[in-house]
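Report on the structure given below.
Numbered from 1 within each chain, the chains take letters A, B, ... in sequence-line order.
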Protein chains: 2
Amino acid sequence: MPLRRAKMPVRRPTTMEEFEARCRRQGLPVTSQRRAVLRALAAREDHPTADQLHEALRREHPDLSRTTVYRVLETLVRLGVVTKVSHPGAAVHYDAFTGRHHHLVCDVCGRLSDLVLPGFDALPLPDTRAQDFEIADYSVHFHGRCRSCRPRTSRNA
Amino acid sequence: MPLRRAKMPVRRPTTMEEFEARCRRQGLPVTSQRRAVLRALAAREDHPTADQLHEALRREHPDLSRTTVYRVLETLVRLGVVTKVSHPGAAVHYDAFTGRHHHLVCDVCGRLSDLVLPGFDALPLPDTRAQDFEIADYSVHFHGRCRSCRPRTSRNA
DNA sequence: TTGTATGCAAAAGGTTTGCAATGAT
DNA sequence: ATCATTGCAAACCTTTTGCATACAA
């Protein structure tokens with residue numbers, strides 16, 4: 001039976017204000033399509049693909065083209081208000097929550113979900129001077145098997 | 001100038017023996033194609049795609065088809081001797097090193113490299129009973145900008 | 001007004017699938 | 001002998017591109 005977590009930290013997706021401020025700073029026009037895509041993405045807790053987002057937006061914005069959704073998402077990533085979620089295989093998944101958070105990845109079905117874990121938010125950063133790599137952030141990927149992909153006989157090699 | 005690390009832990013890719021043992025355990029035939037693909041992958045330190053591996057194998061195995069490389073890699077993942085690497089973007093990348101290690105991901109070019117960091121190898125596992133998720137392992141993804149993608153003027157928004 | 005974004009359609013990857021022939025056990 | 005794998009070609013799905021039009025600043 002599922003346990004309940006006492007203090008569940010909050011997930012705060014990018015706001016429209018942050019988005020517009022960044023557009024202005026970079027001289028990019030704030031279009032209705034960009035607003036719509038960001039709003040739709042920010043409203044979700046999962047990590048939809050461009051196509052899923054396009055599909056979800058069809059009712060409200062029937063004139064929004066698939067191509068534009070792809071392009072807008074790429075722009076939002078460049079603006080830093082959206083991140084791409086690394087997803088082995090399949091399509092690119094996006095997330096409008098740019099705060100520090102971690103991931104649960106199912107090795108079998110590939111499903112990925114967020115995990116806000118304050119205990120993992122202050123890891124010491126490794127010394128990457130040898131690689132000449134400038135670390136901006138990190139996230140911990142826990143992989144294993146999700147509920148639906150775990151057999152009742154719970155052993156594997 | 002690059003620093004030198006005193007004790008660099010070793011990267012030990014899957015051996016042919018482990019592979020064959022697992023094949024036998026699961027009743028899968030050990031084919032020359034499977035050997036060839038695993039050997040080629042295990043010999044590399046990067047994380048090639050199926051296509052890159054196929055290209056690399058062309059000289060030695062001109063009769064090995066692209067389709068087979070895709071299928072073999074999927075089989076090796078099922079056998080647990082190879083892992084898919086989370087890679088932002090298009091193609092799936094594979095790794096024959098299944099030991100605990102971490103990643104450096106460039107936000108700009110997407111290049112990904114391994115990072116063996118003993119200091120990060122014993123993190124406490126979070127309680128995922130609520131999600132009913134069985135954690136098998138984890139890896140820390142550090143993202144930021146690699147040498148080639150970092151401008152000399154080292155500030156960003 | 002000026003430059004960028006959008007929409008369409010077509011192209012370009014990357015990956016999967018159906019089927020007959022081959023190969024491993 | 002038996003069943004899974006391989007190779008080929010075609011299908012499929014996701015993403016990108018060229019170009020004329022529409023829109024934000």
Side-chain angles (χ1 to χ4, degrees), chain A residues 16 19-38 40-41 47-58 60-79 81-82 84-94 109-110, chain B residues 16 19-38 40-41 47-58 60-79 81-82 84-94 109-110:
Chain A
M16 213 45 75
F19 159 64
E20 296 186 6
R22 298 217 180 192
C23 279
R24 258 174 241 117
R25 205 177 311 160
Q26 306 222 7
L28 293 185
V30 176
T31 66
S32 62
Q33 290 89 340
R34 285 177 178 162
R35 284 167 167 288
V37 171
L38 176 58
L41 182 58
H47 308 85
T49 64
D51 225 40
Q52 289 168 338
L53 230 24
H54 175 247
E55 181 56 31
L57 283 160
R58 281 191 48 177
E60 299 256 350
H61 303 266
D63 47 340
L64 178 62
S65 87
R66 193 191 317 271
T67 307
T68 298
V69 175
Y70 278 94
R71 275 191 290 223
V72 164
L73 285 167
E74 222 34 59
T75 304
L76 296 176
V77 169
R78 282 206 317 276
L79 283 173
V81 297
V82 158
K84 286 190 184 191
V85 177
S86 298
H87 214 282
V92 180
H93 293 244
Y94 294 90
C109 67
Chain B
M16 212 46 72
F19 158 65
E20 295 186 6
R22 299 215 179 195
C23 279
R24 254 173 246 118
R25 205 176 311 162
Q26 307 222 4
L28 294 184
V30 176
T31 65
S32 63
Q33 290 89 339
R34 286 178 177 159
R35 285 166 165 289
V37 170
L38 176 58
L41 182 58
H47 308 86
T49 64
D51 226 40
Q52 289 168 339
L53 230 25
H54 175 248
E55 180 57 31
L57 283 160
R58 281 192 47 177
E60 298 258 350
H61 303 266
D63 46 340
L64 178 62
S65 87
R66 194 192 316 272
T67 308
T68 297
V69 176
Y70 278 95
R71 274 191 291 223
V72 164
L73 285 167
E74 222 37 56
T75 303
L76 296 177
V77 169
R78 282 206 318 276
L79 284 173
V81 297
V82 158
K84 288 188 184 193
V85 177
S86 296
H87 210 280
V92 183
H93 293 245
Y94 294 90
C109 67

If you take any heavy atom closer than 4.0 Å to DNA chain D, which residues from residues 60-68 of chain A end up in contact? A:R66, A:T67

Output all residues satisfying side chain to side chain contact (heavy atoms under 4.5 Å, CB included) with [X], sequence neighbours left out; order by chain, then residue number.
X	result
B:A56	B:R44
B:H61	B:A36, B:L57, B:D63, B:L64
B:T67	B:S65, B:R71
A:T31	A:P29, A:Q33, A:R34

By side-chain hydrogen bond (donor to acceptor under 3.5 Å, both in side chains), which residues pair with B:R58, not counting sequence neighbours? none

Kindly write out the residues that satisfy side-chain hydrogen bond (donor to acceptor under 3.5 Å, both in side chains) with A:R78, not counting sequence neighbours, or none if the list is empty. none

Using OP1 and OP2 only, check whether a side-chain N or O of A:Y70 sits under 4.0 Å from D:dT15. yes

Using the test ring pair (Phe, Tyr, Trp, His ring centres under 6.0 Å), find all partners of A:H47 that sit at least two apart in sequence or belong to another chain. A:H103

Find the bend of the helix from C:dT1-D:dA25 to C:dT25-D:dA1 as the angle between its two terminal axes (five pairs each), to the nearest 10°. 50°

By salt bridge (charged side-chain N to carboxylate O under 4.0 Å, His left out), B:R35 pairs with (sequence neighbours left out) B:E20

List every contact pair, protein side and nucleotides 19-25 of chain D side both N or O, where the distance is under 3.5 Å.
residue	atom	partner	partner atom	Å
D:dA25	OP1	A:V30	N	3.1

